[in-house]
Amino acid sequence: MNDLLEVQGVSKKFADFQALSSVTINVPKHSIFGLLGPNGAGKTTLIRIINQITMPDSGKVILDGEPLQPHHVQYIGYLPEERGLYKSMKVGEQALYLAQLKGLSYKEAKKRLVYWFEKLGISHWWDKKIQELSKGMAQKIQFVVTVLHQPKLLIFDEPFSGFDPINANIIKDEILQLRAEGATVIFSTHRMESVEELCDHIALIHESKKILDGKLEDIKRQYKTNTFEVGLSTKHKTALKQTIAERFEIATADFKSLEDDLKLNIKLTPNDSSDDLLAFLSQNASVNHYKELIPNASEIFIQTVKNNGL
Amino acid sequence: MNHLPLIIKREYLAKVKNKSFLLMTFLSPLIMVGFISLVTYLTTLNNEIIRTISVLDESEFFKETLISTEYTKYHYLDGVDLESAKSLSNQASSYGLLYIPNLPIDSVSEEIKFLSEDAPSLTFITNLESKIENRIKELKLEKSGVDLAKIKAANTNVNLGQESYEGVKTSKAGSFMKLAFGGFAGYLLFMFIIIYGNLIMRSVIEEKTSRIIEVIISSVKPIQLMLGKIFGTSLAGITQFAIWIVMIGVLMLASSLIFGVDLSATPQQEIMTEAMNNPAVNSELQGYINDFRALPLWNLIIAFVLFFTGGYLLYSSLYAAIGAAVDNETDTQQFMIPIIMPLIFSFYIGFFTVLEDPHGSISTIFSHVPFTSPVVMLMRIPFGVPLWEQLLSLFILVVTFVFTVWIAAKIYRVGILMYGKKPSYKELIKWLKY
């Protein structure tokens with residue numbers, strides 16, 4: 001049993017709007033799973049189904065080997081995109097209340113809250129009301145409340161919105177820490193750089209369908225085109241370009257460098273390895289810059305959505 | 001997991017700790033008692049004026065009829081004409097001038113006048129009229145040779161002692177009292193619903209405006225949330241009401257001690273006391289007391305508590321359902337009338353049909369319809385309603401309450417998933433099944 005969460009052929013329709021059509025994803029244990037997709041693709045609906053806020057029309061969800069049941073809510077920590085707290089309630093009381101709703105005892109909740117508040121340096125907020133705090137401060141409390149009951153599965157919908165870079169980093173480190181302690185994380189976001197940094201698995205949902213999923217590195221490998229970006233120092237640019245073009249497929253590249261180099265993207269032929277290319281180039285010029293072009297998550301995202309959106 | 005006690009506790013504390021709630025709790029009795037004291041004080045001021053009435057009785061029919069009392073002095077004018085009587089009365093700044101012209105007994109009644117600077121008090125005039133009427137009646141009877149003493153001896157007051165076959169005594173005066181009981185219960189219910197129904201509705205909208213709804217709904221079932229809100233807010237309401245009653249009681253006592261407002265010595269009271277001494281009225285009063293004793297008191301008290309609670313919960317669940325259906329408070333106004341209508345309707349049924357025929361089909365039906373039963377049944381019970389009927393009605397009431405809360409919970413859950421468009425009925429029914 002390597003998957004904490006299995007979503008099997010889940011479909012969901014709202015009136016005449018198809019929100020999800022037969023989506024299947026597997027979230028491995030202890031992974032950070034990126035759920036990506038353009039606006040309105042169905043990510044939030046899927047997350048709500050996992051949280052039992054809404055029920056699928058067909059298909060099923062299996063959490064840790066069991067079909068989803070009401071008591072499972074205590075194993076899930078959910079930070080929705082649309083989030084807020086009771087405005088006129090004090091921070092401490094509110095956090096205690098929400099923690100108890102997730103099944104913690106008062107004593108245990110208090111102990112953990114004190115720990116977390118100290119860890120994030122917000123203990124002095126305990127007796128403040130939410131309406132006295134800034135949006136970012138309230139978000140921090142919301143984060144604490146989400147993770148407090150040590151859920152097996154954490155679901156974050158756009159967790160970094162509203163945070164400044166410093167606090168976003170703190171939260172990122174906390175998420176990694178939670179993963180290290182055994183939690184599995186589902187991440188729904190548009191921010192591709194955080195996907196790159198955090199996720200080891202991704203699924204791409206577009207217009208209610210899953211169009212891509214798997215390990216991020218596998219996907220990258222699958223999407224790379226064996227193209228290398230090179231910068232060559234030579235006195236005879238045109239001649240050199242001619243020579244290379246005779247053997248490889250080339251295109252003009254544009255990157256920043258200190259020298260006035262010949263900049264090219266060179267695609268390997270099936271018979272050549274990277275070593276062959278490098279050897280060939282060294283014979284003809286001095287190589288200042290040599291880098292394999294690996295597509296980043298953002299490029300994969302855009303490319304896949306474009307290919308499927310037709 | 002049962003989070004109900006936790007939710008009730010939070011809702012209760014959230015209400016009770018609210019500053020405006022606290023303010024209203026302690027300010028309302030002060031304002032109310034202050035207002036009542038002021039009005040009473042002003043009335044007393046008004047009533048302590050001694051009224052002097054000038055009487056010009058040219059006919060000499062009323063010599064012994066108008067007897068001065070503590071607050072009303074009759075001052076007979078002799079040997080003056082109407083014009084000088086007017087100016088005399090005006091100079092003496094008396095309350096008014098009663099003028100009885102010198103006419104035969106048969107026609108004098110049409111010419112009797114009361115002249116005054118300002119419009120006289122209605123109670124005073126009514127009282128005076130009845131005195132004059134009685135006197136003229138006596139004089140006319142005497143004139144036609146009837147022995148007044150015999151007439152007085154022949155006066156009989158009949159009050160039929162009504163009794164059911166089982167020996168339960170009733171009376172027509174009692175019928176009004178029984179209705180009054182139902183009416184009072186209904187009025188209390190009405191007030192409670194108006195004051196605290198809105199509070200429940202706002203509390204249901206609260207999660208939406210603060211956007212905490214998704215967090216809450218991923219932790220608890222909406223029905224638990226709804227029930228928690230209804231019970232928590234109701235408890236806060238009961239707390240407030242209890243404080244009000246205690247505070248008003250204490251403040252009233254205090255104000256009557258401080259201001260020394262004594263209601264027993266006003267002219268109004270004097271007139272009332274006169275009426276009380278009338279044997280017919282007195283026996284009616286005695287009848288009320290007897291009727292009150294004859295009421296099925298225990299049944300009434302228990303039924304009151306149960307039907308009041310049931311009715312209140314049912315109406316609050318309607319408020320909760322409205323709160324669940326809308327996104328903000330401004331959208332709720334249009335729903336208020338349909339909620340209050342059945343309640344007002346039940347008053348009409350109570351007063352028009354229960355009094356006429358407490359066990360007729362209309363009364364019976366509406367004492368089982370959940371939205372009217374709290375008022376109608378409470379009005380019917382003093383007339384004797386079999387236990388099974390009461391229980392059936394109560395059962396229907398509770399079932400309807402649970403059903404409405406359940407619906408409210410469903411609407412609440414669907415509400416966050418609507419994406420700004422209305423779900424189809426088919427969709428709604430499907431959601432209700434979940």
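Here the structure is a predicted model, which is why all the values come from computation and not from measurement.
Rounding to the nearest 0.5 angstrom, the gap separating the OG atom in S218(B) from the CD1 atom in I50(A) is 12.0 Å. Put simply, OG on S210(B) and NZ on K87(A) are 5.0 Å apart, with the number rounded to the nearest 0.5 Å. With rounding to the nearest 0.5 angstrom, the CD1 atom of I53(A) is 11.0 Å from the CD1 atom of I216(B). Taking CD1 from I217(B) and CD from Q52(A), the interatomic distance works out to 12.0 Å, rounded to the nearest 0.5 Å.
For the pair Q94(A)/I212(B), a side-chain contact is recorded, criterion being any heavy-atom separation below 4.5 Å from C-beta on.
G103(A) and H3(B) get closest at one heavy-atom pair: N-CE1, 4.4 Å. Considering all non-hydrogen atoms of both residues, P70(A) and K221(B) come closest at CG-NZ, 4.1 Å.
Atom CE of M252(B) has 12 or fewer neighbouring heavy atoms from other residues, nucleotides or ligands inside a 6.0 Å radius. Enclosure of atom CE in M247(B) by more than 12 non-hydrogen atoms of other residues, nucleotides or ligands within 6.0 angstrom is indicated. Annotation: M341(B), atom CE; neighbour count of heavy atoms from other residues, nucleotides and ligands within 6.0 Å does not exceed 12. Around NZ of K111(A), the count of heavy atoms belonging to other residues, nucleotides or ligands within 6.0 Å does not exceed 12.
A side-chain donor-acceptor contact under 3.5 Å links Y78(A) and E214(B).
Of residues 6-24 of chain B, those residues lying under 4.5 Å from chain A by any heavy-atom pair are L6(B), I7(B), R10(B), K17(B), K19(B).
Using a 4.5 Å cut-off between heavy atoms, V215(B) touches chain A through backbone and side chain atoms alike. Of the atoms belonging to I130(A), not a single heavy atom falls under 4.5 Å from chain B. Proximity to chain B (any heavy atom under 4.5 Å) is restricted, for E93(A), to the side chain, taken from C-beta onward.
Interface summary for chain B: among I76(A), N51(A), V145(A), L85(A), the most heavy-atom pairs under 4.5 angstrom belong to L85(A).
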